[in-house]
Amino acid sequence: MRRLTSLLLLLLIACKAASPTTLAQPTPPVSPALLATETSSQIKPFEQTPTVFAPREYSTAPSTPLPALPESAPTGTPPSPSQFQVRLHPDGPLYVGDLVSLEVIPDPGVDWDNRGIRVQIPSAEGLRTEQSDFGYYGIGSRPQATLEWAWDTAGLPAGEHTLTFSLQPDGDTWSETVQLLPQAAVPFPEPQAHWAKAESDCCLVYYITGTPAERDLPALLDLLDAQAEDVSQRLETSLEEPLQITFLPRVLGHGGFAGNGISVSYLDRNYAGGSLGVVLHHEMVHELDFRLGADMRYSMFTEGFAVYLTGGHFKIEPLMPRAAALLPPAPGCIPASQQLAEPNSAASAPTCGLDHYIPIPTLLDNFYFSQHEIGYLEAGALIEYMVKTWGWQAFSEFYRNIHALPESDEDQFENPAEREVSAALLENFGLPLDQFEKRFLKALQAETLTPELAEDVRLTVAYYDSMRRYQQVLDPSAYFLYAWLPDSEEMQERGIVADLLRRPVQPQNLALETMLVTAGADLQDGNLLELDRTLQAVNAVLSVIEANQAQPFSVHPLAVDYWALVQALLSQGYQPQRIELHGDQARAWVSKSGVELTVLALVRDQQTWALAE
């Protein structure tokens, strides 16, 4: 099978060969108006708060070593069937005609080394046998056996079917019963959905019909061309071949990644916040940066480069002042939350830092496993500092000329990344790595930290931590370390759409996702008090769900309202995409039998929400 695991693509992307072109001029800040541009069909319903779009996930190959892989348990007694979890894809109900994939995941500590799984699968021609060895999967290197699109359910009757699993070579056998629903019950838009392609001046665009990407295609093509032109100008290069863009109708990871092209989540209920313009600009920087060439590409620098040229990670933002919020609290400082609550206190003492700073050697060695939002902010600020200090030309010479070096008996560094980056810094700027970091920290300490910036940074980290927690609890196929990301090119060739169109849509998912969508909009707009309250509600609900307790949405007043609103909308046949709550009134953006959005007004009568007259 011509498949390269898509999660691995997030980490192991080969740099595209090109003549090493030196970047010539410093780049001015990116225009906020350009990057804030969203599609008109989405701005209008949401007025000043359009549907939020997810930030990118991972784009470059870490040339630093990954953390040590988890060890399997010592070989001994073969594991029992109860020590394995089976996950089926696509998510949600399965229907006759589906191509079903299986993940068989051992419990921690299970001896899976040198073992495999064999599965007897029913088919229209009788029982078939599929087999897979256990190995490491995804960015997080989870042990599992993966059988991709192994079960073709075409021609089977609707109803219960039995899959029989056996551990190889010496394990037990167990069975799993799977319910197939009738093919006629496949939900919209799948029955008519298929992959389609469009072209713009810059890009080849792939999308699934019957989704918001098809609805908004003209505006998306214009946005792509504007972003590509801006990136080309900043990198002083041209698009000699078109960029490949795939719009995904589902949140996966943080909503965007690159590898054999750019893939970005595009849907109305996008619960991972960010600006679509920022995401596309960031990913296009990566693509054109690869074409310009370099020797060693360390993720901290390539990601920071894209953040810097884009002017922010999730939104347009001042990088150095925000990175200053990551520093430890200074003596006599006042927490940002107290200063915002008591404005007069801001003049009497500095704002406390958050004590979130990650040392540069740690980011060099372990960028993608460090806290995501902090790492990207630090990396972007680091590039900005280098350009301001030494100029664009000098930075470019450094960035494109980091070279692999052999180990030395007198080596003071713990990993190759530190050794090679320190040597490049010394050659280009006369500073070893430790002195370089001291100067960077001194520059951050000289920045003016306002309570608004500090609180915004704190809540940005809290928002994305909450989003990832939701994924782990209720949308595990989307969680970035182990996200289910089949190869998009193969999906297009085989006409597979269900893996991307289906996702959890139980009422608890809809209520929490609409809360996260609201939180994402508040983060973009700087509504920090509302954002904090919503995140408290989301995490309170998740804690109850994790504890397997009943009525999780009763734990917080805001969650009570969102749960009641979702139930009221579902009872009328609507799928909620976004909900705005204002006291005893609410507005909901909903869909019904297609992708067109309708805005509904709802009112509360005591504890009951109903559609307004």
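Contact record, Ser477 with Arg250: CB-NH2, 3.9 Å, taken as the closest heavy-atom pair. Of all the heavy atoms in Thr302 and His286, the pair that sits closest is O-CE1, 3.3 Å. Across every non-hydrogen atom of Ser265 and Asn270, the tightest pair is O-ND2, 3.8 Å. Closest non-hydrogen pair, His194 versus Gln192, comes out as ND1-O, 3.2 Å. Residues Asn366 and Ser370 share a closest heavy-atom pair of O-OG, 2.9 Å. Closest approach of Ala381 to Ala323, counting heavy atoms only: CB-CB, 3.5 Å.
Formation of a donor-acceptor pair under 3.5 Å by the Gln471 side chain with backbone atoms of Gly253 is found in this model. The closest donor-acceptor contact from the side chain of Asp225 to the backbone of Asp201 lies under 3.5 Å. With hydrogens and angles disregarded, no donor-acceptor distance shorter than 3.5 Å links the side chain of Trp484 to the backbone of Leu500. At distances below 3.5 Å, not a single donor-acceptor pair connects side-chain atoms of Asn527 with backbone N or O atoms of Glu530. Looking at Glu303, its side chain never comes within 3.5 Å of a backbone N or O of Ser299 through a donor-acceptor pair. Under the 3.5 Å distance criterion, the side-chain polar atoms of Tyr463 are matched with a main-chain donor or acceptor of Leu516. Side chain of Glu287 to main chain of Ile262: no donor-acceptor pair is present (N/O by atom type, distance under 3.5 Å, no hydrogens or angles). Remark: side-chain polar atoms of Asp289 are not paired, donor with acceptor, to backbone N or O of Val285 under 3.5 angstrom. No donor-acceptor pair closer than 3.5 Å links the side chain of Arg269 to the backbone N or O of Val517. Glu420 contributes a side-chain N or O that, together with a main-chain N or O of Leu405, makes up a donor-acceptor pair within less than 3.5 Å.
Between Trp392 and Phe395, the ring-plane angle classifies as tilted under the 30° and 60° cut-offs.
Counting only heavy atoms from C-beta outward, the side chains of Val264 and Leu276 approach each other to under 4.5 Å. Between Phe429 and Met386 the shortest side-chain heavy-atom distance falls below 4.5 Å. Between Val497 and Thr209 the shortest side-chain heavy-atom distance does not fall below 4.5 Å. Two residues are said to be in side-chain contact when any heavy atoms from C-beta on lie closer than 4.5 Å; Trp589 and Thr598 fail this criterion. Between Leu224 and Met284 the shortest side-chain heavy-atom distance falls below 4.5 Å. Between Thr450 and Thr351 the shortest side-chain heavy-atom distance does not fall below 4.5 Å. Using a 4.5 Å heavy-atom threshold, the side chains of Arg215 and Leu597 count as touching. Side-chain contact check for Ile245 versus Ser200: every heavy-atom pair is 4.5 Å or farther apart.
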Original post:
For Ile374 and Leu326, what are the C-alpha separation, side-chain angles and deciding distance, and is it a side-chain contact (heavy atoms from CB on, under 4.5 Å)?
Top reply: CA-CA 8 Å; Ile374 295 171; Leu326 304 175; 3.9 Å; yes

Subject >> Audit row: Gln575, Gln577, side-chain hydrogen bond (donor to acceptor under 3.5 Å, both in side chains) steps and yes/no >> reply: CA-CA 6 Å; Gln575 279 283 311; Gln577 307 296 344; 5.1 Å; no

**OP:** Would you sort out whether Tyr266 and Tyr207 count as a ring-ring contact (aromatic ring centres under 6.0 Å, His included), showing the intermediate values?
**Re:** CA-CA 10 Å; Tyr266 190 84; Tyr207 61 95; over 10 Å; no

Subject >> Full working for side-chain contact (heavy atoms from CB on, under 4.5 Å) between Arg297 and Tyr399 >> reply: CA-CA 8 Å; Arg297 287 186 178 275; Tyr399 176 60; 3.7 Å; yes

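Side-chain atoms of Glu418 and Asn415 form a donor-acceptor pair, as typed in the model, at a separation below 3.5 Å. Side-chain contact, Arg468 with His254: a donor N or O sits under 3.5 Å from an acceptor N or O. Thr310 and His282 form no side-chain donor-acceptor contact under 3.5 Å, judged by distance and modelled atom types alone.
The distance from atom CG of Asp465 to atom CG of Leu459, rounded to the nearest 0.5 Å, is 11.5 Å.
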Below 3.5 Å, can you tabulate the donor-acceptor pairs from side chains in residues 430-447 to any protein atom, sequence neighbours excluded?
| from | atom 1 | to | atom 2 | distance (Å) |
| --- | --- | --- | --- | --- |
| Glu437 | OE2 | Tyr357 | OH | 2.7 |
| Glu437 | OE2 | Ile360 | N | 2.8 |

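Phe398 has its ring centre less than 6.0 Å from the ring centre of Phe301.
Under 4.0 Å is where a charged nitrogen must lie from a carboxylate oxygen, and between Asp532 and Arg458 at least one such pair does. The existence of a salt bridge linking Arg322 and Asp456 is confirmed by a sub-4.0 Å separation between a basic side-chain nitrogen and an acidic carboxylate oxygen. With respect to Arg234 and Asp230, a salt bridge is recorded, a charged nitrogen being found less than 4.0 Å from a carboxylate O.
Among Leu531, Leu535, Thr534, the one residue that satisfies the side chain to side chain contact (heavy atoms under 4.5 Å, CB included) test with Leu523 is Leu531.
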